[in-house]
A.B. asks: 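Before anything else, here's the structure in question.
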Protein chains: 2
Amino acid sequence: MPSPPEPSPDTTAHPDGGAALPPDLVAVALSVDLVLLTVREERLQVLLVRRGIEPFLDRPALPGGFVRPGEDLAEAAVRELAEEPGLRHPPAHLEQLATYGTPQRDPRGRVVTVAFLALAPQSRTPIAGTDAAASHWAPVATADDGPGLAFDHATILADGLERARSKIEYSAAATAFCEPEFTVAELRRIYELVWSARLDPRNFHRKVTGTAGFLVPTGRFTTRDGGRPAELYRRGDASVLYPAMLRPVPRLP
Amino acid sequence: MPSPPEPSPDTTAHPDGGAALPPDLVAVALSVDLVLLTVREERLQVLLVRRGIEPFLDRPALPGGFVRPGEDLAEAAVRELAEEPGLRHPPAHLEQLATYGTPQRDPRGRVVTVAFLALAPQSRTPIAGTDAAASHWAPVATADDGPGLAFDHATILADGLERARSKIEYSAAATAFCEPEFTVAELRRIYELVWSARLDPRNFHRKVTGTAGFLVPTGRFTTRDGGRPAELYRRGDASVLYPAMLRPVPRLP
DNA sequence: CCCGTTTATCGTCGGTTCGACGATAAAGAG
DNA sequence: CTCTTTATCGTCGAACCGACGATAAACGGG
């Protein structure tokens, strides 16, 4: 991390090998932004930060930051997550979402951002929802209320939500929202809150326990949800679900 | 397009609004690369170029180039496609694939590339396969033969192929490989060549003609494939297929 | 002109999966 | 002990799929 203005060191470095980048190409600043989702307080929530500098001062934004020299993209995403006080441990799921590079998306200049989608269980998300701190959890249903998100982060959030909603259809990614051991009902609650839909407990139970490699029974039981004791499961080694979990079609009436 | 060395104009421009980018951040060169697929000569093929400069001189590579000032990412992808002699018209399908930014992926310096996946019908791909020209079509099955692809383009190509193979499962993207009017058998051939699998003609016919919004019958017929005349269809307005077209499970024996 | 070949299209049959829902099991609350 | 809550097992019909038979409509060669 040097100090003075030398804005594009890497683009002119390495003139060895007889090859150098063309001198007239456009250099951009590169950042990563994170759509970190969790299920807490019976709602799907996203981690937001309050911007402390211009532009969009005091507006909510997705957590993120600039990529450092010699740093890979996923590496930068993991580092930004670790720096956020809203997350104690690494997330259970992290994947690249999309890249946003519209020329005018940042008034300071050309900033291209690579967005990542991260899913984490509630136990790794200690920040309370109504703190005035820089980091806070916001229900995704109300993320667009109040002052709008900075930059194009509303678009990125919407893309991340759609990715998460479709990802849990055909993969075991929903278990990333769960604690290491969980009941079928707790997993079903994840699906219901992510999809904003109600699922039949009996059909859901048949589906997830009948899909090979999805859930591994522990043989132990819990009554923490009340009622008859439910068996505890761990996530299996299956990453894709086949056949997929079907998202209920939105009913018109 | 200015001329002299001024490698990072945009990162220091716009100091207005009381906000400027931090002076010590890493600037990167930004490029787009294209995985342009078509079905020709009974094979799934990808457009490759022969590199005319170092590094990877004379090695095959995905077509692409640097993003220009003021240019959006998708805009740059469309421009690069238009500049390629391998494509006469805009592709029928274009989507962002992923972004690759490992620090050492380009020996000249920090170059981050946004890869796009494009699908086009044969009629828009006039270049012959064995020309010694800069652009040529290569069957994807043999794209890894001979000298390897430049940079990390083998990884990008593999990701693009996987995206294409899964995309046609749950969307109508396979029609992007077809001419404006096509028969059910021609569409089936697309699926078979992209998946390297054989599909039952009767079940495929039932599936595609029974999925609402997938195909629109024209009422006209053709015998260009021999045998009994087949009805010509156009693509419908459905973009997602529900239920999905099921990819056959790979047979072990 | 008849006939075999090729391709298109329609149907049938059995197995799997899904949605809707009944029935039973096992805990806690009062 | 009864009521409530939740978990889990079954049942039934509809939808869908894979395998495959049957018919239709073109062509080419005798």
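Since the structure is predicted, the reported quantities are computational estimates derived from the model, not experimental observations. Below, chains carry the letters A, B, ... as their sequence lines are ordered, and counting in each starts from 1.
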A.B. asks: Between Leu37(A) and Leu161(A), is any pair of side-chain heavy atoms under 4.5 Å apart?
C.D. replies: yes
A.B. asks: What's the shortest heavy-atom distance between Leu193(B) and Leu44(B), and which atoms?
C.D. replies: O-CB, 4.2 Å
A.B. asks: Please give, in whole Å, the distance from dT8(D) C1' to Leu232(A) CG?
C.D. replies: 15 Å
A.B. asks: Quickly work out the Leu246(A) CG to dT16(C) P distance and round it to whole Å.
C.D. replies: 18 Å
A.B. asks: Can you confirm whether Arg224(B) is buried at CZ, in the sense that more than 12 heavy atoms of other residues, nucleotides or ligands lie under 6.0 Å from that atom?
C.D. replies: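 Yes, because the 6.0 Å sphere around CZ of Arg224(B) holds more than 12 heavy atoms from other groups.
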A.B. asks: Let me spell it out: for each of Met245(B) and Asp200(B), pick the nucleotide of DNA chain D with the closest heavy atom. Which residue's pick is nearer the 5' end?
C.D. replies: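 Taking each residue's closest nucleotide, the earlier one in sequence belongs to Met245(B).
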A.B. asks: Round to the nearest Å and state the distance from Phe204(A) atom CZ to dC9(D) atom P.
C.D. replies: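 Phe204(A) atom CZ is separated from dC9(D) atom P by 15 Å.
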A.B. asks: Dot-bracket for DNA chain C, 5' to 3', with Watson-Crick and G-U pairs under 3.5 Å, [ ] for crossing pairs and | for other-strand pairs: what is it?
C.D. replies: ||||||||||||||||||||||||||||||
A.B. asks: May I have the distance from Arg247(B) (atom CZ) to dG18(D) (atom C1'), rounded to whole angstrom?
C.D. replies: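 Rounded to whole Å, this separation is 18 Å.
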A.B. asks: Find every protein N or O atom lying less than 3.5 Å from an N or O atom of nucleotides 5-8 of chain C, and list the pairs.
C.D. replies:
unit_1	atom_1	unit_2	atom_2	d
dT7(C)	O2	Arg228(B)	N	3.4
dA8(C)	N3	Arg228(B)	NH1	2.9

A.B. asks: Taking NZ, NE, NH1 and NH2 as the nitrogens, is one of them in Glu75(A) or Arg79(A) under 4.0 Å from a carboxylate oxygen of the other?
C.D. replies: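 Salt bridge absent between Glu75(A) and Arg79(A).
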A.B. asks: So which heavy atom on Glu231(B) is nearest to which on Thr218(B), and how close?
C.D. replies: OE2-N, 4.1 Å
A.B. asks: List the atom of Arg59(A), the atom of Leu149(A), and the distance in Å for their closest heavy-atom pair.
C.D. replies: NH2-O, 3.8 Å
A.B. asks: Between dC9(D), dT9(C), dA20(C), which nucleotide gets closest to the side-chain atoms of Arg202(A)?
C.D. replies: dC9(D)
A.B. asks: Whole angstroms only, please: what is the CG-P distance between Leu199(A) and dT6(D)?
C.D. replies: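 Atom CG in Leu199(A) sits about 16 Å away from atom P in dT6(D).
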A.B. asks: Cut-off 3.5 Å, side chains only: do Asp33(B) and Tyr100(B) have a donor facing an acceptor?
C.D. replies: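 Looking only at side-chain atoms, Tyr100(B) and Asp33(B) do not form any donor-acceptor pair under 3.5 Å.
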A.B. asks: I need the CG-P distance between Asn203(B) and dC13(C), as an integer number of Å.
C.D. replies: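 Result: 15 Å.
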A.B. asks: Between Arg206(A) (CZ) and dT11(D) (P), how many Å, whole number?
C.D. replies: 12 Å
A.B. asks: Taking atom P of dA26(D) as reference, at what distance in whole Å does atom CZ of Arg224(B) sit?
C.D. replies: 16 Å
A.B. asks: If the threshold is 4.0 Å, N to carboxylate O, is there a salt bridge linking Arg189(B) and Glu186(B)?
C.D. replies: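 Salt bridge between Arg189(B) and Glu186(B), a charged N being under 4.0 Å from a carboxylate O: no.
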A.B. asks: Taking only N and O in the side chain of Lys207(B), is any of them less than 4.0 Å away from OP1 or OP2 of dC17(D)?
C.D. replies: yes
A.B. asks: What are the two closest non-hydrogen atoms of Ala164(B) and Leu117(B), and how far apart are they?
C.D. replies: N-CD2, 4.0 Å
